[in-house]
Protein chains: 2
Amino acid sequence: MSKENEDKNYELILNAFVSLLIQVGYQATTINKIAEAAHVNPSTVFRKFKDKEGLLDVVIDRHLQDLSTIFDDFSVTGNIENDLVTMSKIYQEFQLRHQEIVVVGFQESFKRPDIAKAVEDIPIQFKTILLAYFDEMKRQQKIAATIDTEAATMNFVWLNFGYFISGIRFSNPNLLVTPNEFYNKQIRFFARSLQ
Amino acid sequence: MSKENEDKNYELILNAFVSLLIQVGYQATTINKIAEAAHVNPSTVFRKFKDKEGLLDVVIDRHLQDLSTIFDDFSVTGNIENDLVTMSKIYQEFQLRHQEIVVVGFQESFKRPDIAKAVEDIPIQFKTILLAYFDEMKRQQKIAATIDTEAATMNFVWLNFGYFISGIRFSNPNLLVTPNEFYNKQIRFFARSLQ
DNA sequence: TATAAATGCAAGCATTCACTTGCATGCACT
DNA sequence: AGTGCATGCAAGTGAATGCTTGCATTTATA
């Protein structure tokens, strides 16, 4: 029954693992802490998963699967500010839902380049859809003909990426705004450049 | 003679430590690796520094000292694009010069909140000078009266922060541009919004 | 050259952890 | 009730690593 979705303890352990990754990172996440958080005996962890790396592998797998469909239900409306908010929301919510990947990817990038790559793949997907969008809007003359769409895209990517990292790593209120405030003010400000 | 600047081994060890922090992070940086990289015996490390944390403390100290004067030699020219490039350059070069703080701050934020705070302080300083600058430019009517200077400031902060993190953590060329390209294209694009 | 300080070196100690193993216990399903 | 599987539990192993110590050796200084 191991590795099946109906396995309650399997999921409890995975959830505890992910929570701990976010809280304290990979190295500081010990098997004992996982077991305790999952209300399970440490030996059970090893019955469900080969080893500590095996836990990571499952998390990566699920993440990559989720990532492959990240923008599947996005559809263009043609209203630029609306579309940008929609894409930004999808991206931000995805990043937040997979915080642990970013945390571990940054910490273990030297030992697990596959995770580092998985972290990069999120903004790359974001860039891809944005670039196509801006190119299309330019063709439809909804944004200025002088716009460098590549530059505009990367501007939006870095803005969103910087905001996301700030949100999960910073605590000073000077650097934090609510998602809604971000969508309203920042995207409106960004869109000014497109005209 | 320990803890003095003329102490050659002291500096060799510190440099090796910082290099390793950037390469592999704090936990994976062992005393043996430091000693090897510094061409010094492991026991010498403990003669120069109380313990591994003591090494970190010195790095933090020096960083905080450097941070306190980060924008000291910036002076406003009134040419907005030029000033933005200048401030961005100062910020980016500082961040790059102190990469290790960011790496360790993200990894050990739970164990060393002081380091996490030191990491935050860099963008906070950046924000402070930017906000004052935009307010002044608005007063001088060099940027549009409708501009939300707080929003513009945070946009620029997140753009720069996102670009910096991308530069030190990503390797895919799709997400990387040279500093000069960043200054030219991104800041020009940003400045469009100010009119 | 003589003295003192810094460094190299090797052995060892203590702790933390991932991971294993063997056995007892409980729970589910027939 | 009885059988089998999952889990709890406790003890232990082995490796990594921070840190100490005592002594030999080199280097600097006077």
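The chains referred to below are lettered A, B, ... by the order of the sequence lines, with proteins before strands, and numbering in each begins at 1.
- For the pair E53(B) and R112(B), the salt-bridge criterion is met [side-chain N within less than 4.0 Å of a carboxylate O].
- Checked for salt-bridge contact, K50(B) and D57(B) miss the test: no charged N lies under 4.0 Å from a carboxylate O.
- A residue-by-residue look at A28(A) and K50(A) shows that A28(A) has its nearest nucleotide of DNA chain C further toward the 5' end.
- If you take CG of D51(B) and P of dA14(C), they are 19 Å apart, rounded to a whole angstrom.
- Checking the phosphate oxygens (OP1, OP2) of dT7(D), a side-chain nitrogen or oxygen of N9(A) falls inside 4.0 Å.
- In terms of phosphate contacts, N41(B) brings no side-chain nitrogen or oxygen within less than 4.0 Å of OP1 or OP2 of dT7(C).
- If you take CZ of F46(B) and P of dA11(C), they are 18 Å apart, rounded to a whole angstrom.
- The distance between atom NZ of K52(A) and atom C1' of dA16(D), rounded to the nearest whole Å, is 13 Å.
- Following rounding to the nearest Å, F49(A) (CZ) and dT7(D) (P) show an atom-to-atom distance of 11 Å.
- In this structure, the CD atom of Q27(B) is 12 Å from the C1' atom of dC17(C), given to the nearest Å.
- In this structure, K48(B) reaches the dT7(C) phosphate: one of its side-chain N or O atoms is under 4.0 Å from OP1 or OP2.
- Note: NE2 (H39(B)) to C1' (dT7(C)) measures 16 Å, nearest angstrom.
- Counting to the nearest Å, the P atom of dC17(C) and the CD1 atom of I34(A) are 12 Å from each other.
- Not one side-chain nitrogen or oxygen of S43(A) sits closer than 4.0 Å to the OP1 or OP2 atom of dT21(C).
- In this model, the phosphate group of dT17(D) is not approached by any side-chain N or O of N32(B) to a distance below 4.0 Å at OP1 or OP2.
- L55(A) has its CG atom 11 Å from the P atom of dA18(C), to the nearest Å.
- Remark: D148(B) does not engage R188(A) in a salt bridge, criterion side-chain N to carboxylate O under 4.0 Å.
- With I187(B) as reference, L84(B) is the one residue of L84(B), L159(B), N160(B) to meet the side-chain contact (heavy atoms from CB on, under 4.5 Å) rule.
- Among the nucleotides dA18(C), dC23(D), dT7(D), the one closest to any side-chain atom of R47(B) is dC23(D).
- Checked for salt-bridge contact, K52(B) and E108(B) miss the test: no charged N lies under 4.0 Å from a carboxylate O.
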